[in-house]
Amino acid sequence: MDGGGGFMGPPPVPRSPEDVFRDFRARRAGLIRALTTDVEKFYVMCDPEKENLCLYGLPNETWEVNLPAEEVPPELPEPALGINFARDGMNEKDWLSLVAVHSDSWLLSVAFYFGARFGFDKESRKRLFTMINNLPTVYEVVTGTAKKEPKDKTPKNSNKSNKTGSKPSRQSEPNSRAPKMPPSKEEEESEGEDGEPQEDHESTLCGACGQSYDDFWICCDLCEKWFHGKCVKITPAKAEHIKQYKCPSCTGSKRAKAGV
């Protein structure tokens with residue numbers, strides 16, 4: 001693979017804003033993995049004694065540390081060059097945060113490179129940016145900012161209707177027996193048109209996969225974390241019959257305490 005761009009020969013290039021967003025989301029997932037779950041491996045690979053290295057997020061949700069492309073101009077925009085040189089010259093946390101910032105910049109440049117390459121008009125570019133902007137940045141995930149935001153914010157309205165786009169308030173529905181779920185995508189879009197705030201839902205991350213928006217969510221009644229239904233194998237139909245939902249982690253903890 002030349003330069004670590006993530007392609008073997010001519011790539012199957014995205015053709016629509018939705019295709020570009022899927023490519024963006026996959027590359028983002030790979031970068032987040034490198035800077036979080038695979039951080040020890042990533043740290044070792046960024047040896048300051050080696051040549052200029054770059055961190056690439058690949059379309060299959062993986063990552064690699066490699067030399068930049070040799071051709072000029074390259075097939076895709078290149079990530080920040082020489083990230084390995086600063087590894088031992090600064091605090092590890094600060095170094096990872098800096099790499100995360102440059103990774104966000106690279107992801108945007110790749111996405112809008114595709115947009116320019118395929119002639120996206122104003123509305124297509126706007127749609128692409130809106131989808132991207134609904135996800136927390138790599139920097140926010142790496143530094144933990146994205147995970148803190150939902151807990152720091154309180155719903156704007158405390159009435160019984162939860163059509164405002166904010167996460168349901170437990171105080172406003174203490175007798176609710178069905179699992180609580182964030183609003184549908186259609187409700188979010190109509191909310192945006194009315195000018196109502198929707199930051200709470202946009203910054204909410206799934207407690208299982210760490211990703212943002214999905215069609216169906218469910219909230220654990222014990223730890224109050226939100227989960228994509230598909231991540232915890234709960235369908236909307238099944239959720240209707242659950243009086244009190246407990247996520248896999250809380251279920252496991254309860255069993256451990258009971259000596260099961």
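Note that the structure is predicted; figures quoted are calculated from it, not measured. Here, residue 1 is the first one in the sequence, and each next residue gets the next number.
- The CG atom of Leu135 sits 10.0 Å away from the CG atom of Leu107 when rounded to the nearest 0.5 Å.
- In this structure, Met90 is a member of the same hydrophobic cluster as Val65, with clusters built from ILVMFWY side-chain heavy atoms closer than 4.5 Å.
- The minimum heavy-atom distance between Cys54 and Glu78, with the atom names listed, is SG-OE1, 4.5 Å.
- Rounding to the nearest 0.5 Å places OG of Ser103 at 11.0 Å from CG of Leu108.
- A distance-only check finds no donor-acceptor pair linking the side chain of Asp38 to the backbone of Lys41 [under 3.5 Å].
- Hydrophobic clustering, with ILVMFWY side chains joined whenever heavy atoms are under 4.5 angstrom apart, keeps Tyr43 apart from Val101.
- Qualifying side-chain contact (heavy atoms from CB on, under 4.5 Å) partners for Thr130, counting only residues two or more places apart in sequence or in other chains: Lys126, Asn134.
- Checking side-chain atoms of Asn84 against main-chain N and O of Asp47 turns up a donor-acceptor pair under 3.5 Å.
- Closest approach of Lys246 to Cys220, counting heavy atoms only: CA-SG, 3.9 Å.
- Residues Leu53 and Met45 come closest through the heavy atom pair CD1-O, 3.5 Å.
- The hydrophobic cluster containing Leu81 does not contain Leu55, counting ILVMFWY residues as joined when their side-chain heavy atoms lie under 4.5 angstrom apart, directly or transitively.
- In the model, Ser97 has no side-chain atom that pairs as donor or acceptor with a side-chain atom of Asp94 under 3.5 Å.
- At least one donor-acceptor pair under 3.5 Å links the side chain of Thr36 to the backbone N or O of Ile32.
- The environment of Phe129 atom CZ is sparse: at most 12 non-hydrogen atoms of other residues, nucleotides or ligands sit within 6.0 angstrom.
- For the pair Phe227 and Lys225, the minimum side-chain heavy-atom distance is below 4.5 Å.
- No continuous path of ILVMFWY side-chain contacts below 4.5 Å connects Leu96 to Tyr139, so the two sit in separate hydrophobic clusters.
- The two residues Thr143 and Thr145 make their nearest non-hydrogen contact at OG1-OG1, 2.9 Å.
- Contact detail for Leu31 and Gly57: the closest heavy-atom pair is CD2-N, 3.5 Å.
- Within 6.0 Å of CD on Glu18 lie more than 12 heavy atoms contributed by other residues, nucleotides or ligands.
- Within the 4.5 Å cutoff, the side chain of Leu35 has no heavy atoms near those of the Val39 side chain.
- Note on Asp19 versus Arg22: salt bridge recorded, some NZ/NE/NH1/NH2 to OD/OE distance being below 4.0 Å.
- Between Trp95 and Phe42, the ring center distance clears the sub-6.0 Å criterion.
- In this pair, His228 and Trp217 present their aromatic rings perpendicular. The plane angle is above 60°, beyond the 30 to 60° band.
- Listed for the Asp104 side chain is a donor-acceptor partner under 3.5 Å among the backbone atoms of Val138.
- Although no hydrogens or angles enter the test, the distance criterion places a donor-acceptor pair under 3.5 Å between the side chain of Tyr113 and the main chain of Glu75.
- The closest donor-acceptor contact from the side chain of Ser109 to the backbone of Trp106 lies under 3.5 Å.
- Judged by distance alone, the side chain of Arg33 and the main-chain N or O of Trp63 form no donor-acceptor pair under 3.5 Å.
- Between Cys247 and Cys223 there is a side-chain heavy-atom pair separated by less than 4.5 Å.
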Run Val20 and Phe120 through side-chain contact (heavy atoms from CB on, under 4.5 Å) and show every step you take.
CA-CA 11 Å; Val20 173; Phe120 286 179; 3.8 Å; yes

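- Just one of Ile132, Val110, Leu128 meets the side chain to side chain contact (heavy atoms under 4.5 Å, CB included) condition when paired with Phe24; it is Ile132.
- A distance of 11.5 Å separates NZ of Lys50 from CZ of Phe85, quoted to the nearest 0.5 Å.
- In this structure, Arg28 contributes its side chain and Pro136 its backbone to a donor-acceptor pair below 3.5 Å.
- Figure legend: Arg27 and Tyr56 shown without cation-pi pairing, the cationic atom not lying both under 6.0 angstrom from the six-membered ring centre and within 45 degrees of its axis.
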